[in-house]
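Small disclaimer: the values here were computed from a predicted structure and weren't measured.
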Amino acid sequence: MDGLESDFNLKVVLVSFKQCLNEKEEVLLDHYLAGWRGLVRFLNSLGAIFSFISKDVTAKLQIMDRLRSGPQREPYSSLQSMVAYEVSNQLVDLERRSRHPDSGCRTVLRLHRALRWLQLFLEGLRTSPEDARTAVLCTDSYNASLAAYHPWIIRRAVTVAFCTLPTRKVFLEAMNVGSPEQAVEMLGEALPFIEHVYNVSQKLYAEHSLLDLP
């Protein structure tokens, strides 16, 4: 394991989502994207099983990095300012993916949906008994979140792949926060931050009728 991986600690990643929200409860995109980069490292540490998620997330992060460093980067400082800017300038494809396939609104929506899956899965790991089957936990979380946006062939392939997931103990140890018991305690402290960011984002997208962007 290289130095970067050995320094990885999932608590630091999850707590970074606390920094996403400023005093106005605006989602600061730099912190949001940084949190996701850490989550990708966690998923990748568990092997190729989650590559269907991590590869897509990495591509979305690259799109957002370009927007954050582009000539119109100022509106992309927060989720709220990004939505206001893209909606008012008609930079979002509301009915079909055509002129603006890589809009910030669409890109973050995909990250938002994936965040819900990961939040549910980590919560399942936290609250489940020691002998819980991670394949069941992951499948249930997937079916309650991402599955609705994937075609049947993808859903089938993903749920079959989940059958090869490591044990609950391996997942908890991969978080690098100590014993499985310490990992469970950490999740209890940190997951509310992700849930709060998710809920703020969900409300914003709902207010602008953006939850079903093609």
>> For Y142 and H150, I'd like to know if the aromatic rings sit close, meaning centre-to-centre distance below 6.0 Å.
In response: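 Yes.
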Are side-chain heavy atoms of [X] and [Y] found at a separation under 4.5 Å?
X	Y	answer
V108	Y205	yes
L137	L165	no
W36	M64	no
E25	H196	yes
N199	K203	no
M186	L172	no
M175	L125	yes
E26	L79	no

> Charged N to carboxylate O below 4.0 Å: is that the case for E189 and K11?
Replying inline: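 K11 and E189: salt-bridged.
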> Would you call K169 and D131 a salt bridge, using N to O less than 4.0 angstrom?
Replying inline: no
>> Please evaluate residues L211 and Q202 with respect to the criterion side-chain contact (heavy atoms from CB on, under 4.5 Å), reporting the C-alpha separation (whole Å), side-chain torsions for both, the decisive distance (0.1 Å), and the verdict.
In response: CA-CA 8 Å; L211 286 172; Q202 180 78 1; 3.5 Å; yes
Heavy-atom closest contact ([X] atom, [Y] atom, distance):
X	Y	result
S128	A132	CB-CB, 3.5 Å
A174	L46	CB-CD2, 3.8 Å
V197	S201	O-OG, 2.9 Å
S103	L67	C-CD1, 4.5 Å
A135	C163	CB-CA, 4.0 Å
R110	P214	NH2-C, 3.3 Å

>> Working note: S145 + R113, criterion side chain to side chain donor-acceptor pair (under 3.5 Å); need CA distance, chi angles, decisive distance, verdict.
In response: CA-CA 7 Å; S145 53; R113 292 170 178 172; over 6 Å; no
>> Checking L109 against D212 for the side-chain contact (heavy atoms from CB on, under 4.5 Å) test, could you report, in this order, the C-alpha distance in whole Å, the side-chain angles of both residues, the deciding distance, and whether it holds?
In response: CA-CA 9 Å; L109 178 61; D212 297 310; over 6 Å; no
Using modelled atom types only, decide if a donor and an acceptor are shared between the side chain of [X] and the backbone of [Y] within a distance under 3.5 Å.
X	Y	value
E173	V170	no
R68	R73	yes
E86	C105	yes
S81	S78	yes

>> Please list all pairs meeting side-chain hydrogen bond (donor to acceptor under 3.5 Å, both in side chains) that have one or both residues in residues 47-58, counting only residues at least two apart or in different chains.
In response: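 Non-adjacent pairs meeting side-chain hydrogen bond (donor to acceptor under 3.5 Å, both in side chains): N44-S54, D56-K60.
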> Which pairs with one or both residues in residues 103-136 pass ring pair (Phe, Tyr, Trp, His ring centres under 6.0 Å), sequence neighbours excluded?
Replying inline: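 For residues 103-136: F50-W117, H112-Y198, F121-F171.
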> When you check the side-chain N and O atoms of Q19 and Y32, is any donor under 3.5 Å from an acceptor?
Replying inline: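 On atom types as modelled, these side chains do not qualify, holding no pair under 3.5 Å.
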> Are there more than 12 heavy atoms of other residues, nucleotides or ligands under 6.0 Å from atom CD of E207?
Replying inline: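 Yes, because the 6.0 Å sphere around CD of E207 holds more than 12 heavy atoms from other groups.
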>> Please determine whether the number of non-hydrogen atoms from other residues, nucleotides or ligands lying under 6.0 Å from atom CZ of R37 exceeds 12.
In response: yes
>> Within this structure, what is the CZ-CD distance for the pair R116 and E195, rounded to the nearest 0.5 Å?
In response: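 If we round to the nearest 0.5 Å, R116:CZ and E195:CD are 6.5 Å apart.
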> Same cluster for L118 and I154 if Ile/Leu/Val/Met/Phe/Trp/Tyr side chains link at under 4.5 Å?
Replying inline: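 Yes, it is one cluster - the side chains of L118 and I154 are joined through contacts under 4.5 Å.
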>> Please say yes or no: joined through hydrophobic side-chain contacts below 4.5 Å, possibly via intermediate residues, are L28 and L33 part of one cluster?
In response: no
> So among I63, L39, V57, which one has a side chain to side chain contact (heavy atoms under 4.5 Å, CB included) with L111?
Replying inline: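 The option that passes is V57.
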